[in-house]
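All remarks here apply to the structure that follows.
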Amino acid sequence: MSKKVVKFEFEKETKNSVRYKEVPEEGTAPIVGSLYVQKWFAGNAKSLEITISKDD
């Protein structure tokens, strides 16, 4: 199993959610792209980190 930590930064607020854009590591393509998180969870967070696990 491999794990990857993906970093996101605030992009914009929508009606009920907050959109974050991925900050890819230098020289790599984005894995997820944009991520929508509900406002009740996101709060005022300007950045997020998500850990993705995949079975090899």
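- Remark: Ile52 pairs with Val6, Ile31, Val32, Ile50 by the side chain to side chain contact (heavy atoms under 4.5 Å, CB included) rule, at least two apart or across chains.
- Put simply, Val37 and Trp40 are part of the same group of oily side chains (I, L, V, M, F, W, Y) that touch within less than 4.5 Å, one to the next.
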**Report entry** Check against side-chain contact (heavy atoms from CB on, under 4.5 Å), Lys39 and Asn16
**Finding:** CA-CA 6 Å; Lys39 282 184 180 178; Asn16 295 315; 5.7 Å; no
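- Ion pairing of Lys21 with Glu9 is present here, as a side-chain N (NZ or NE/NH1/NH2) and a carboxylate O approach within less than 4.0 Å.
- In terms of heavy atoms, Thr14 sits closest to Val18 at OG1-N, 4.4 Å.
- Val5 and Phe8 are members of different hydrophobic clusters when ILVMFWY side chains are connected at heavy-atom separations under 4.5 Å.
- In this structure, the separation between OG1 on Thr51 and NZ on Lys4 is 11.0 Å, given to the nearest 0.5 Å.
- Looking at every heavy atom in both residues, Tyr36 comes nearest to Ser17 through CD2-OG, 3.6 Å.
- Residues Glu11 and Tyr20 fail the side-chain proximity criterion, which asks for heavy atoms closer than 4.5 Å.
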